[in-house]
Each structure stands twice: as structure tokens, then as C-alpha cells.
Amino acid sequence: MQELMKNQADQEERENEQAGRGMEWDRNIHGPRGIGGWLIVVLIGMIISMFLVAKQLFGKTLPALFTDSEVVRIETWWFREIYDAEWTTILTFDAVFEGLTIFYCCYVIIEFLREKPIVPRLMIIFYSMNLLGIIIETCLLLTTVEAVREEIIASYWSVGVALGVCLVWIPYFKMSARVENTFLNNWKSY
């Protein structure tokens with residue numbers, strides 16, 4: 001009986017010792033942690049997306065929007081110039097959407113590098129809003145009277161790509177052990 005009480009006291013002492021030190025990170029028990037693995041791909045993709053959207057905004061959308069107040073000039077996939085005043089709506093939507101996307105990407109990248117718990121939610125919002133924005137742009141393009149066939153095909157392709165990205169990365173941010181360990185679990189030490 002005394003040995004049983006002694007073993008119990010030793011076990012309580014070990015538990016108190018662990019509670020005082022805090023739980024240490026053990027990769028074999030808790031899984032991978034930190035920005036690595038597929039999270040590197042996501043981070044690089046966010047950075048590249050931010051620069052590509054900025055290039056599109058400042059290289060094509062804004063110059064096309066402010067070229068002429070009456071007629072807007074658009075370059076199609078075949079580099080033919082099409083003049084149509086109804087493109088102004090699409091270009092205005094693009095300019096606002098792309099500008100907000102750049103600022104949102106900057107915010108998400110900063111929070112991503114700081115490993116904040118809100119990052120998985122921000123990434124899911126980013127992917128969902130990107131898909132929604134592309135669908136809205138495609139609907140605007142379809143309602144344009146003089147829409148160019150190449151632009152509509154490119155819009156459908158963009159919707160497909162954005163949908164594919166959502167189907168891959170949203171479940172990853174919901175179910176990945178690395179995402180949970182990196183952003184959601186607050187461990188005191190590695």
C-alpha cells in the first residue's frame with residue numbers, strides 16, 4: 001500500500017513538474033509545425049499573386065480605364081483593339097477588386113509570417129472572394145453587348161482555375177495538422 005501511495009506521489013510530482021515547465025513541442029506526438037511543407041507553397045503563391053495583380057492593375061486596368069473618357073480601349077488575346085463604352089463597368093470593377101486584393105494580400109502575408117491564429121480564416125476568405133470576384137466579372141462580361149469571344153473564354157478558364165484552387169486549398173486550411181499546429185495551437189516552445 002505504501003508503494004502504491006509512493007508511486008502516486010511520484011506521478012503527481014512529475015505532472016506538477018511538467019505543468020510548471022509547460023508542454024514542450026514533440027514532432028512525433030503533435031505533428032509538423034511552422035511555416036514549411038505546403039505552407040511555403042501557399043506563401044510563395046500569395047506573394048506572386050500580389051505582384052501579378054499589381055502588374056495587371058497598373059499595367060493594363062488603370063491605363064485602359066483612364067485612356068479616354070468616352071471610349072475605353074481593351075487589348076484582347078489576339079491584340080486587336082476593341083472600342084466599347086460598356087467596358088468601363090468591367091474595368092471599374094476590376095480596378096476596385098484588384099486594388100482591394102493587393103491590400104488584402106499584404107495584410108494576410110504579414111499575419112501569415114507572424115503565425116497568427118486568424119490566418120486559416122483569412123486564407124479561406126481570400127480564396128472564396130477571389131472565386132466570387134471572377135464569377136462576378138464573368139457575369140459582367142457576359143452581359144456586355146459587344147463582348148469579345150476570346151475574353152469570355154479566358155473568363156471561363158479563370159473561373160475554372162479559381163474553383164480548382166478553392167477545392168484544393170480550402171480543405172487544406174481546414175484539415176491540415178501543420179496548419180492547426182502552426183496557426184491555431186499556441187505552444188510555448190518548440
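Residues: numbered from 1 along the sequence shown.
In this structure, CG in Leu62 is found 10.0 Å from CD in Gln56, a value given to the nearest 0.5 Å. Between the SG atom in Cys166 and the CG atom in Leu132 there is a gap of 10.0 Å [rounded to 0.5 Å]. For the atom pair CD1 (Ile125) and CG (Asn130), the distance works out to 13.5 Å, reported to the nearest 0.5 Å.
By the 4.5 Å heavy-atom criterion applied to side chains, Val179 and Leu39 are counted as neighbours. No side-chain heavy atom of Leu122 sits under 4.5 Å from any side-chain heavy atom of Phe112. Inter-residue side-chain proximity for Arg114 and Ile110 is flagged as met; some heavy-atom pair is nearer than 4.5 Å. Inter-residue side-chain proximity for Met123 and Met46 is flagged as met; some heavy-atom pair is nearer than 4.5 Å. Phe183 places none of its side-chain heavy atoms less than 4.5 Å from the side chain of Pro117.
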Test side-chain contact (heavy atoms from CB on, under 4.5 Å) applied to Ile170 and Ser128, step by step: CA-CA 9 Å; Ile170 289 176; Ser128 302; 3.7 Å; yes
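Applying the ring pair (Phe, Tyr, Trp, His ring centres under 6.0 Å) rule to Phe126 yields no partners; only residues at least two apart in sequence or on another chain are considered. Shown here are the side-chain hydrogen bond (donor to acceptor under 3.5 Å, both in side chains) partners of Ser158, two or more places apart in sequence or in another chain: there are none. For the side-chain contact (heavy atoms from CB on, under 4.5 Å) test, residues two or more places apart in sequence or in another chain that qualify with Trp38 are Val41, Trp169, Tyr172. Partners of Cys106 by side-chain contact (heavy atoms from CB on, under 4.5 Å), not counting sequence neighbours, listed by chain and number: Met50. Here Phe58 pairs with nothing under the ring pair (Phe, Tyr, Trp, His ring centres under 6.0 Å) rule; sequence neighbours left out. In this structure, Ser49 has no side-chain contact (heavy atoms from CB on, under 4.5 Å) partners at least two apart in sequence or on a different chain. With sequence neighbours left out, the side-chain contact (heavy atoms from CB on, under 4.5 Å) criterion links Ile47 to Leu43, Phe51, Ile109. Residues passing the ring pair (Phe, Tyr, Trp, His ring centres under 6.0 Å) test with Phe173: none are found, sequence neighbours excluded.
The cluster map of Ile, Leu, Val, Met, Phe, Trp and Tyr, joined by side-chain heavy atoms under 4.5 Å apart, puts Tyr156 and Leu163 in different clusters. Neither Trp157 nor Leu167 shares a network with the other; the hydrophobic side chains, linked directly or stepwise wherever heavy atoms of I, L, V, M, F, W or Y lie under 4.5 Å apart, form separate groups for each. In terms of hydrophobic clustering, with Ile, Leu, Val, Met, Phe, Trp and Tyr side chains grouped at heavy-atom distances under 4.5 Å, Val42 and Val168 are assigned to a common cluster. With hydrophobic clusters built from ILVMFWY side chains whose heavy atoms lie under 4.5 angstrom apart, Val53 does not share a cluster with Ile134.
With a 4.5 Å cut-off between side-chain heavy atoms of Ile, Leu, Val, Met, Phe, Trp and Tyr, the cluster of Met175 takes in none. Residues near Phe103 contribute nothing to a hydrophobic cluster around it, because no ILVMFWY side-chain heavy atom sits closer than 4.5 Å to its side chain. Through direct or indirect side-chain contacts shorter than 4.5 Å among Ile, Leu, Val, Met, Phe, Trp and Tyr, Val96 is connected to Leu100.
Within the structure, side-chain hydrogen bond (donor to acceptor under 3.5 Å, both in side chains) pairs that include any residue of residues 91-105 comprise Thr61-Glu98 (at least two apart or interchain).
Leu57 and Pro63 get closest at one heavy-atom pair: O-CD, 3.9 Å. In plain terms, the two heavy atoms of Met129 and Phe97 that are nearest each other are O-CZ, 3.5 Å. Of all heavy-atom pairs between Ala162 and Leu131, the closest is CB-CD1, 3.7 Å.
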